[in-house]
Trainee: 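Structure in structure tokens, see below.
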There are 2 protein chains.
Amino acid sequence: MSNELPDNGSANSGRIKMSDIARLAGVSTSTVSRALSGHKSIPQPLREQIVALAHAQGYAINQAARSLRLQQTHVIGVIVPLGHEAGQLISDPFFLEMIGRLADEITGRDYEVLLKKVVAPRPGWLEQIVQSHKSDGLLVIGQSDQHETLNAVASTYRPMVVWGGALDDQHYCTVGTDNIAGAQLATEHLIGLGRRRIAFLGAPEAPEVGLRREGYLRALAKAGLKPQPELSAAAHFTVETAQATVRDLIESGVAFDAVFAASDLIAITAIQALVEAGRSVPGDVSVVGFDDIALARHVAPALTTVRQDLATGARSMVDLLFRQIAGEDVSSVFMPPQLIIRGS
Amino acid sequence: MSNELPDNGSANSGRIKMSDIARLAGVSTSTVSRALSGHKSIPQPLREQIVALAHAQGYAINQAARSLRLQQTHVIGVIVPLGHEAGQLISDPFFLEMIGRLADEITGRDYEVLLKKVVAPRPGWLEQIVQSHKSDGLLVIGQSDQHETLNAVASTYRPMVVWGGALDDQHYCTVGTDNIAGAQLATEHLIGLGRRRIAFLGAPEAPEVGLRREGYLRALAKAGLKPQPELSAAAHFTVETAQATVRDLIESGVAFDAVFAASDLIAITAIQALVEAGRSVPGDVSVVGFDDIALARHVAPALTTVRQDLATGARSMVDLLFRQIAGEDVSSVFMPPQLIIRGS
DNA sequence: TTGAAAGCGCTAACAT
DNA sequence: ATGTTAGCGCTTTCAA
């Protein structure tokens with residue numbers, strides 16, 4: 001258990017490098033490098049001896065040097081663009097769960113995760129990230145309002161997979177849910193419940209939300225219902241802004257008997273605001289969310305929502321990314337949504 | 001050797017470097033380097049011209065080269081040791097929220113986050129991370145079963161802050177909650193409710209859980225209650241294992257009228273298992289958790305729990321780490337817990 | 001099988 | 001004020 005280096009007089013214990021190991025082993029750094037990387041030209045016994053020595057000395061390859069030399073980092077960048085979100089925090093449970101799952105997948109392939117939050121994207125931000133050579137590939141969580149930027153970068157840089165919605169003129173590889181279909185499912189469910197004045201809560205600047213709104217409108221049209229502009233409110237993905245939006249809607253006096261929210265977080269916030277305002281859920285107002293975050297099944301009443309399969313989604317993203325890194329051409333994947341009917 | 005990247009003839013377009021900018025600007029790379037870093041010796045107009053040129057060319061400094069040269073990365077490693085946890089996933093909402101908050105704090109200081117999950121720690125794992133020079137400092141979320149390792153590393157490496165409990169013989173800088181006090185608060189609350197047979201759910205190998213158990217035992221002793229070994233069950237921090245443990249406890253037939261769980265996740269799982277088994281909460285059994293995760297206030301009944309102030313905790317961790325990086329000597333911080341009485 | 005040497009792209013000490 | 005130069009620590013020809 002002693003981690004003292006017995007014959008190491010100099011106290012710079014944090015700065016041991018390959019040439020030190022080489023000197024100790026009586027060989028050149030080339031040999032150590034080869035031994036450590038399991039090169040077959042180094043005889044087994046010598047290889048093991050060097051590996052043991054390196055381990056005993058607590059040596060680990062300096063990854064900055066290795067990356068520079070190899071032009072690859074063994075790191076995957078996970079980017080959270082917060083383009084038009086009011087909050088500064090990575091607080092949405094959906095994002096958090098996504099990050100956790102991506103981290104698990106990436107770690108499982110012996111890569112590391114560089115987590116980068118981009119708050120107020122400035123022109124060229126993504127190019128800068130690419131150019132900085134800190135990662136071998138990029139996973140972008142959500143298009144935010146950066147569709148054009150993503151397209152531009154995709155034209156010259158390949159290892160990149162984006163979580164998001166299906167847009168026209170989309171040249172980057174995307175994984176996501178069929179948002180329009182999901183929203184239709186949700187809205188049709190509400191219509192089936194006899195609801196006629198269905199509010200939509202979500203800020204449609206985010207492409208995914210825009211698509212969900214599209215699905216909502218299509219379902220209304222199919223049922224012969226006229227969309228009412230005053231029933232759409234631009235709730236963002238943070239509790240505070242969503243809360244304010246819902247309260248405004250309630251206080252505006254506009255009548256509605258159902259809510260389709262662009263995310264579970266917005267839906268749950270809406271339920272709380274409604275209950276506070278003296279309306280019962282699902283008695284007076286039915287509510288459907290989107291995502292099926294862990295919270296959804298635990299709130300009271302349990303939230304009816306459109307499920308996005310995050311486990312599969314995260315696995316697909318990482319899978320596609322590594323195939324891109326290997327030089328393969330891949331195409332986008334959109335998963336079918338699933339309506340989870342609970343109590344709201 | 002077999003195939004070049006198809007259709008994307010950008011072998012050079014992604015490889016612009018500082019000397020290219022220098023050539024374009026008609027100066028040396030030193031001048032570009034100085035201009036880009038805002039060095040005062042470069043006259044304002046020239047500086048701006050070079051910066052503009054670099055920007056126009058989409059140039060960004062190669063961080064691998066910069067890190068090697070500067071011996072610093074501008075990256076903070078966030079480590080999640082999963083020593084004795086059955087699950088492989090970063091799924092605990094507490095961890096996830098912690099990661100989100102740390103990421104926010106670190107990003108706010110213009111550093112980046114390298115997220116590293118360590119599943120089955122092998123001897124020397126932390127030393128390897130330190131030696132690999134991928135980050136300027138380490139934030140470790142939870143001691144797991146790695147107290148000795150942390151101590152060993154702390155003796156030679158400074159920029160490291162650990163989230164966890166207060167242990168004897170602890171030489172690393174720690175931020176956390178006073179777990180013993182928190183557990184006493186919780187247990188005394190249950191005793192005050194008239195409960196006498198209080199079960200403890202948590203795997204005490206994790207130091208924080210051990211401390212919470214200690215607080216639980218102290219509160220029992222103070223109330224003159226004898227601790228019953230059969231009322232302690234080693235529930236881990238994943239839903240599946242916790243569920244199994246709680247079911248075993250119920251099926252064992254041991255009588256209990258209250259549960260103090262080492263985490264909210266375990267508490268919520270316990271409530272579900274109890275309800276499934278036909279016992280009412282808080283009618284038959286009172287339940288108190290630990291953490292106060294977002295879910296806690298939303299479950300039915302809302303969970304009574306011991307709140308850990310994550311926002312403050314994350315800020316402290318990052319603050320202490322940066323002070324260590326700046327060369328300061330800092331000491332551990334333990335925050336007072338707060339009992340949040342809700343409906344369980 | 002092994003070593004010498006070049007160089008990945010950058011920064012800074014040392015000229016000038 | 002700016003250029004020359006010497007590395008940071010590694011991997012990999014190329015030569016022996």
Side-chain angles (χ1 to χ4, degrees), chain A residues 12-51 53-54 57-75 128 130-136, chain B residues 1 11-51 53-54 57-75 128 130-136:
Chain A
N12 53 356
S13 44
R15 296 250 158 261
I16 178 167
K17 52 200 203 189
M18 197 178 273
S19 60
D20 296 325
I21 302 296
R23 193 168 26 72
L24 256 31
V27 296
S28 71
T29 57
S30 319
T31 301
V32 174
S33 174
R34 286 190 269 246
L36 258 29
S37 65
H39 206 288
K40 52 193 69 173
S41 72
I42 307 289
Q44 185 78 347
L46 178 57
R47 227 203 68 194
E48 281 172 6
Q49 181 195 324
I50 290 174
V51 169
L53 178 62
Q57 297 292 323
Y59 172 73
I61 292 175
N62 181 324
Q63 296 297 334
R66 183 170 213 264
S67 296
L68 176 58
R69 176 62 228 235
L70 255 31
Q71 304 285 32
Q72 55 127 311
T73 60
H74 243 70
V75 167
Q128 300 268 326
V130 168
Q131 282 289 334
S132 72
H133 294 268
K134 283 189 146 179
S135 57
D136 297 344
Chain B
M1 168 149 315
N12 45 4
S13 70
R15 296 257 159 257
I16 178 168
K17 51 200 205 190
M18 196 179 273
S19 59
D20 296 326
I21 302 297
R23 194 169 25 73
L24 255 31
V27 296
S28 72
T29 56
S30 321
T31 302
V32 175
S33 174
R34 288 190 267 246
L36 257 30
S37 65
H39 206 287
K40 53 192 69 173
S41 71
I42 307 289
Q44 185 77 349
L46 178 58
R47 229 203 67 194
E48 281 173 5
Q49 181 194 324
I50 290 174
V51 168
L53 179 60
Q57 298 292 323
Y59 172 74
I61 292 175
N62 181 324
Q63 296 296 334
R66 184 169 212 265
S67 296
L68 176 58
R69 176 62 229 234
L70 256 31
Q71 304 285 32
Q72 55 127 320
T73 60
H74 244 68
V75 167
Q128 300 268 324
V130 168
Q131 281 289 334
S132 72
H133 293 269
K134 281 188 144 178
S135 56
D136 297 343

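Below, chain A is the first sequence line, B the second, and so on; all start at residue 1.
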Trainee: Under 4.0 Å, heavy atoms only, any strand: does B:L70 hit a base, just the sugar-phosphate, or nothing?
Mentor: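 It contacts sugar-phosphate atoms only.
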Trainee: Between the side-chain atoms of A:S30 and the base atoms of D:dT12, is any donor-acceptor pair under 3.5 Å?
Mentor: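 Yes, the side chain and the base share a sub-3.5 Å donor-acceptor pair.
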Trainee: For D:dG9, take OP1 and OP2 only and decide whether either is under 4.0 Å from a side-chain N or O of B:Q71.
Mentor: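 Result: yes.
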Trainee: As a quick check of understanding, evaluate side-chain hydrogen bond (donor to acceptor under 3.5 Å, both in side chains) for A:S41 and A:H39, giving each step before the final call.
Mentor: CA-CA 6 Å; A:S41 72; A:H39 206 288; 3.3 Å; yes
Trainee: Strictly distance-based, threshold 3.5 Å: is any side-chain N or O of A:T31 a donor or acceptor partner for the main-chain N or O of A:V27?
Mentor: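 Answer holds: no.
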Trainee: Rounded to whole Å, how long is the line connecting atom CD of B:Q49 with atom P of D:dT2?
Mentor: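 After rounding, the gap between these two atoms is 11 Å.
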Trainee: Atom NE2 of B:H133 and atom C1' of D:dG9: how far apart are they, to the nearest Å?
Mentor: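 To the nearest whole Å, that distance equals 9 Å.
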Trainee: Please figure out whether A:V32 or B:P43 has its closest DNA chain D nucleotide nearer the 5' end.
Mentor: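 Comparing both residues, the 5'-ward one is B:P43.
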Trainee: Should A:Y59 be listed as having a side-chain N or O under 4.0 Å from OP1 or OP2 of D:dG9?
Mentor: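 Indeed not, no polar side-chain atom of A:Y59 lies that close.
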Trainee: When you match B:V27 and B:L68 each to their closest nucleotide on DNA chain D, which lands nearer the 5' end?
Mentor: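 On the 5' side of the pair lies B:V27.
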Trainee: Identify, with sequence neighbours excluded, every residue that meets salt bridge (Lys or Arg N to Asp or Glu O under 4.0 Å) alongside B:D136.
Mentor: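 None.
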Trainee: Measure from the side chain of A:L46, starting at C-beta and using heavy atoms only, and say which of D:dC10, C:dT11, C:dT2 lies closest.
Mentor: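 Nearest to the side-chain atoms of A:L46, counting from C-beta on, is C:dT2.
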Trainee: NE2 of A:H39 versus P of C:dT1: gap in Å, rounded?
Mentor: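 Atom-to-atom, A:H39 to C:dT1, this comes out as 11 Å.
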Trainee: Classify the side chain of B:R34 versus the base of D:dG3 as yes if they form a donor-acceptor pair under 3.5 Å and no if they do not.
Mentor: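 Between D:dG3 and B:R34, which were checked side chain against base, a qualifying N/O pair under 3.5 Å is present.
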Trainee: Would you say A:R66 reaches D:dG9's phosphate, i.e. side-chain N/O to OP1/OP2 under 4.0 Å?
Mentor: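 A:R66 to D:dG9 OP1/OP2: no side-chain N or O under 4.0 Å.
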Trainee: Can you check the A:N62 CG to C:dC8 C1' distance for me, whole Å?
Mentor: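 Taking atom C1' of C:dC8 as the reference, CG of A:N62 is at 13 Å.
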Trainee: Has the side chain of B:T31 got a donor or acceptor that lies under 3.5 Å from a partner of the other kind on the base of D:dA1?
Mentor: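 Between D:dA1 and B:T31, which were checked side chain against base, a qualifying N/O pair under 3.5 Å is absent.
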Trainee: Counting just side-chain N and O atoms, does A:S33 come under 4.0 Å of either OP1 or OP2 of D:dT11?
Mentor: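 Result: yes.
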Trainee: Mind checking the CD-CZ spacing from B:Q71 to A:R15? Nearest 0.5 Å is all I need.
Mentor: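 The CZ atom of A:R15 is 5.0 Å from CD of B:Q71, to the nearest 0.5 Å.
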Trainee: May I have the distance from B:I21 (atom CD1) to C:dG9 (atom C1'), rounded to whole angstrom?
Mentor: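 Rounded to whole Å, this separation is 13 Å.
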Trainee: I need the CD-C1' distance between A:Q72 and C:dG9, as an integer number of Å.
Mentor: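 Distance check: A:Q72 CD to C:dG9 C1' gives 17 Å.
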Trainee: Is it true that a side-chain atom of B:S33 and a backbone atom of B:T29 form a donor plus acceptor pair closer than 3.5 Å?
Mentor: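 Not confirmed, B:S33 side chain does not pair with B:T29 backbone.
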Trainee: Using whole Å, what does the distance between atom C1' of nucleotide C:dT11 and atom CZ of B:R69 come to?
Mentor: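 One finds 4 Å between C1' of C:dT11 and CZ of B:R69, rounded.
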Trainee: Tell me whether the OP1 or OP2 atom of C:dC10 has a side-chain N or O from B:Q63 closer than 4.0 Å.
Mentor: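 The answer is no; no side-chain N or O of B:Q63 sits under 4.0 Å from OP1 or OP2.
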Trainee: Which whole-number value in Å describes the distance from B:I61 CD1 to C:dC8 C1'?
Mentor: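 Those two atoms, CD1 and C1', are 16 Å apart.
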